[in-house]
Amino acid sequence: MSRALMPNLLTPQDLEPNWKWEGRIPAWGHTSVDFERRIDHDRLRRYRLARTRQALQNSNAGTLLLFDVNNIRYVSATKIGEWERDKMCRFCLLTGDDSPYVWDFGSAAVHHQKYSDWLEPDHCLAGVVGMRGTIPPEFGLMRKYAKQIAGLIKDAGVADMPVGVDYAETAMFHALQEEGLHVVDGQQIMLAAREIKNWDEIQLLTQAASMVDGVYHMIYEELKPGVREADIVALSNKMLYEMGSDDVEAINAISGERCNPHPHNFTDRYFRPGDQAFFDILQSYQGYRTCYYRTFNIGRSSSAQNDAYVKAREWIDASIDLIRPGVSTDTVAQAWPKAEEFGFPSEDAAFGLQFGHGLGLALHERPIISRAVSLDHPMEIKTGMVFALETYCPAADGYSAARIEEEVVVTETGCEVISLFPAEDLPIANRY
């Protein structure tokens, strides 16, 4: 049996990220071919599991019990559809050097046994606990699986060590404690594992960004009076799924007097001549996400709108110029204006407007960059991190605003921007 099919036989080589910084990060086609080496999924799976084991060894825990579907996918490379995200119906156990156990929704476990040959078949189990409380705790399923989990932890010889849990239903926490397990925060362990992307993850993130490049070109062509924010959202969803997206998480479409303050949603408002409008496209390709804002004006722009765009561009360029290994996140956050300087009473009220956040299997990973948290709790920026930087500037007219976001990959010497739809100057769609 090949090493790719034996996840308990990882080697130090599996921790190698295999970066190739000598040229532009490629955005490959989305199919496998024999004439180019594109995504190496076996290498990707081994790297993610090896990173998780390393993070677990560096913690005080002996086991990880995972209900977060992003963590389950990172460790086990299993995914059964976006509908699973809020159900809390699946869970995964990783103990020391043992192979992952995955309890799955009914027949999905049988499917994994047949088709997920990087997992041990007898570790693919059917099971369900509470489904967000719709199966009441008194039915006993949580007690049943907590007992089974405790037995596997004992068999692995780590029963005297804490169990890292990312999140779970309250009743599940109680059931685990009743089995004598000491539960600690496992989400921080998983985020430590996931913060450095290997070459395959970086290529998947770049492929995802290239899809959004195309959607923004479509939006640029479609923006005109008589079209609604909701119409752009519908067209974008259709185009993304046709391009191979596996989840369009959300599309913000904000225009006209809705731009300030930023409402973070879309409506059925019709675009009007002279509107400033900004959009955020949050979607994933093979699980790897985008967060990618662009601002447009419709037909024409005012001096106040142009001034706001110039400031937003200056702020994001200043932060991009700082990104390189060894720089701390407080240094980047200080390149952005204080909340009071752009009309907000506090950094909490302005949180997420001048902002940076990691991208990966989740929309928000490490590092988080914000004046609200980074000045007092800085993190080091490291090679292989991938994150988005976003800025927001209200216009002097009192209702327009500009919003720009760029996705960056931290290289050995600096960073590379992978969000490529032009944003150096304010784009005017269907100019009059």
**Report entry** Pairwise salt bridge (charged side-chain N to carboxylate O under 4.0 Å, His left out) hits with a residue in residues 373-389, at least two apart
**Finding:** E195-K382

Requested in this report: Would you tell me whether S99 and E120 have side-chain atoms, one donor and one acceptor, within less than 3.5 Å of each other?
Outcome: yes

Requested in this report: Please identify each residue that fulfils salt bridge (Lys or Arg N to Asp or Glu O under 4.0 Å) with R403, with sequence neighbours left out.
Outcome: E390

Query raised in the report: CD of E416 to CD1 of I320: how many Å apart, nearest 0.5 Å?
Result: 12.0 Å

Query raised in the report: Do the charged groups of R53 and D14 touch, with an N to O distance under 4.0 Å?
Result: no

Query raised in the report: Above 12 or not: heavy atoms from other molecules or residues under 6.0 Å from CZ of F342?
Result: yes

**Report entry** No-hydrogen, no-angle side-chain donor-acceptor test under 3.5 Å, R46 and T11
**Finding:** no

Report task. Classify the side-chain pair E36/W28 by whether it contains a donor and acceptor separated by less than 3.5 Å. Result -> no

Query - Modelled atom types, side-chain donor and acceptor of Q187 and D68, under 3.5 Å - result: yes

Query - Reported CD1-to-CG distance for the pair I39 and L204, which is rounded to 0.5 angstrom - result: 4.0 Å

Query raised in the report: Which residue pairs satisfy the salt bridge (charged side-chain N to carboxylate O under 4.0 Å, His left out) criterion with at least one member in residues 137-165, sequence neighbours excluded?
Result: K147-E179

Query raised in the report: So, for H357 and F387, is the gap between ring centers shorter than 6.0 Å?
Result: no

Report summary line: Heavy-atom nearest pair, T290 first then L359, reads C-CD2, 4.3 Å

Report task. Measure across C259 and Y392 and return the closest heavy-atom pair with its distance rounded to 0.1 Å. Result -> O-OH, 2.7 Å

**Report entry** Where at least one partner belongs to residues 315-329, residue pairs that pass salt bridge (charged side-chain N to carboxylate O under 4.0 Å, His left out), sequence neighbours excluded
**Finding:** R313-D317

Query raised in the report: Distance only, no hydrogens: is a donor on one side chain within 3.5 Å (strictly under) of an acceptor on the other, for D166 and N71?
Result: yes

Requested in this report: Taking the six-membered ring for Trp and the full ring for Phe, Tyr or His, determine whether the centres of Y220 and Y216 are under 6.0 Å apart.
Outcome: no

Requested in this report: Work out which heavy atom in Y292 is nearest to a heavy atom in E405; give both atom names and the distance.
Outcome: N-OE1, 3.2 Å

Query raised in the report: Among pairs that include at least one residue of residues 234-246, which meet salt bridge (charged side-chain N to carboxylate O under 4.0 Å, His left out), considering only residues two or more places apart or in two chains?
Result: K238-E242

Report task. Taking atom NZ of K87 as the centre, report whether more than 12 heavy atoms of other residues, nucleotides or ligands fall under 6.0 Å from it. Result -> yes

Query raised in the report: What pairs with R132 under salt bridge (Lys or Arg N to Asp or Glu O under 4.0 Å), at least two apart in sequence or on another chain?
Result: none

Requested in this report: Give, for atom CZ of R73 and atom OG1 of T78, the distance between the pair rounded to the nearest 0.5 Å.
Outcome: 8.5 Å

**Report entry** Set of salt bridge (Lys or Arg N to Asp or Glu O under 4.0 Å) partners for D231, sequence neighbours left out
**Finding:** R228

Requested in this report: List the atom of C124, the atom of H112, and the distance in Å for their closest heavy-atom pair.
Outcome: SG-CB, 3.8 Å

Report task. With I219 as reference, evaluate I251, L235, V212, I281 under the side chain to side chain contact (heavy atoms under 4.5 Å, CB included) test and give the passing residue. Result -> I281

Requested in this report: Given salt bridge (Lys or Arg N to Asp or Glu O under 4.0 Å), test D275 with R269 step by step and report yes or no.
Outcome: CA-CA 11 Å; D275 273 351; R269 181 186 184 275; 2.7 Å; yes

Query - Sidechain N-carboxylate O distance under 4.0 Å for E365, R289 - result: no

Report task. Going by the side chain to side chain contact (heavy atoms under 4.5 Å, CB included) test, name the single residue among V248, I232, V215 that passes it with N237. Result -> V248

Query raised in the report: Strictly by modelled atom types, are Y288 and E201 linked by a side-chain donor-acceptor pair under 3.5 Å?
Result: yes

Report task. Compute whether any side-chain donor of one residue and acceptor of the other, for R194 and N70, lie under 3.5 angstrom apart. Result -> no

Report task. Could you pull out all residues at least two apart from H264 that satisfy side-chain hydrogen bond (donor to acceptor under 3.5 Å, both in side chains)? Result -> H262

Report summary line: Contacts satisfying ring-ring contact (aromatic ring centres under 6.0 Å, His included) that involve residues 160-183 (not counting sequence neighbours) are none

Query - Spatial distance of atom OH (Y74) from atom SG (C92) [nearest 0.5 Å] - result: 13.0 Å

**Report entry** D98 side, atom CG; T63 side, atom OG1 - distance, nearest 0.5 Å
**Finding:** 10.0 Å

Query raised in the report: Does NE2 in H30 sit with more than 12 non-hydrogen atoms of other residues, nucleotides or ligands closer than 6.0 Å?
Result: yes

Report task. Return yes if a side-chain donor-acceptor contact under 3.5 Å exists between R366 and Q188, otherwise no. Result -> yes

Report task. Run the ring-centre check on F105 versus W83 and record whether the distance is less than 6.0 Å. Result -> yes

Query raised in the report: How about D330 and S328: does a side-chain donor come under 3.5 Å of a side-chain acceptor?
Result: yes

Report summary line: Taken in chain and number order and not counting sequence neighbours, the residues that satisfy side-chain contact (heavy atoms from CB on, under 4.5 Å) with T31 are V33, R38

Report summary line: Rounding to 0.5 Å, atoms CD1 (I404) and SG (C393) come to a distance of 9.5 Å

Report summary line: Heavy atoms of L141 and V129 approach each other most closely as CD1-O, 3.8 Å

Query raised in the report: E82: what forms a side-chain hydrogen bond (donor to acceptor under 3.5 Å, both in side chains) with it, not counting sequence neighbours?
Result: K79, R85

Requested in this report: Test S255 against E229 for side-chain hydrogen bond (donor to acceptor under 3.5 Å, both in side chains), laying out the working first.
Outcome: CA-CA 8 Å; S255 64; E229 293 172 354; 2.6 Å; yes

Query - Ring geometry between W103 and F91 (parallel below 30°, tilted from 30 to 60°, perpendicular above 60°) - result: parallel

Query - Cation-pi geometry met for R294 and F279 (6.0 Å, 45°) - result: no

Report summary line: Minimal heavy-atom distance between N260 and S400, with the atoms involved, is CB-O, 3.9 Å

Report task. Using side-chain hydrogen bond (donor to acceptor under 3.5 Å, both in side chains) as the criterion, list what pairs up with S419, not counting sequence neighbours. Result -> E406

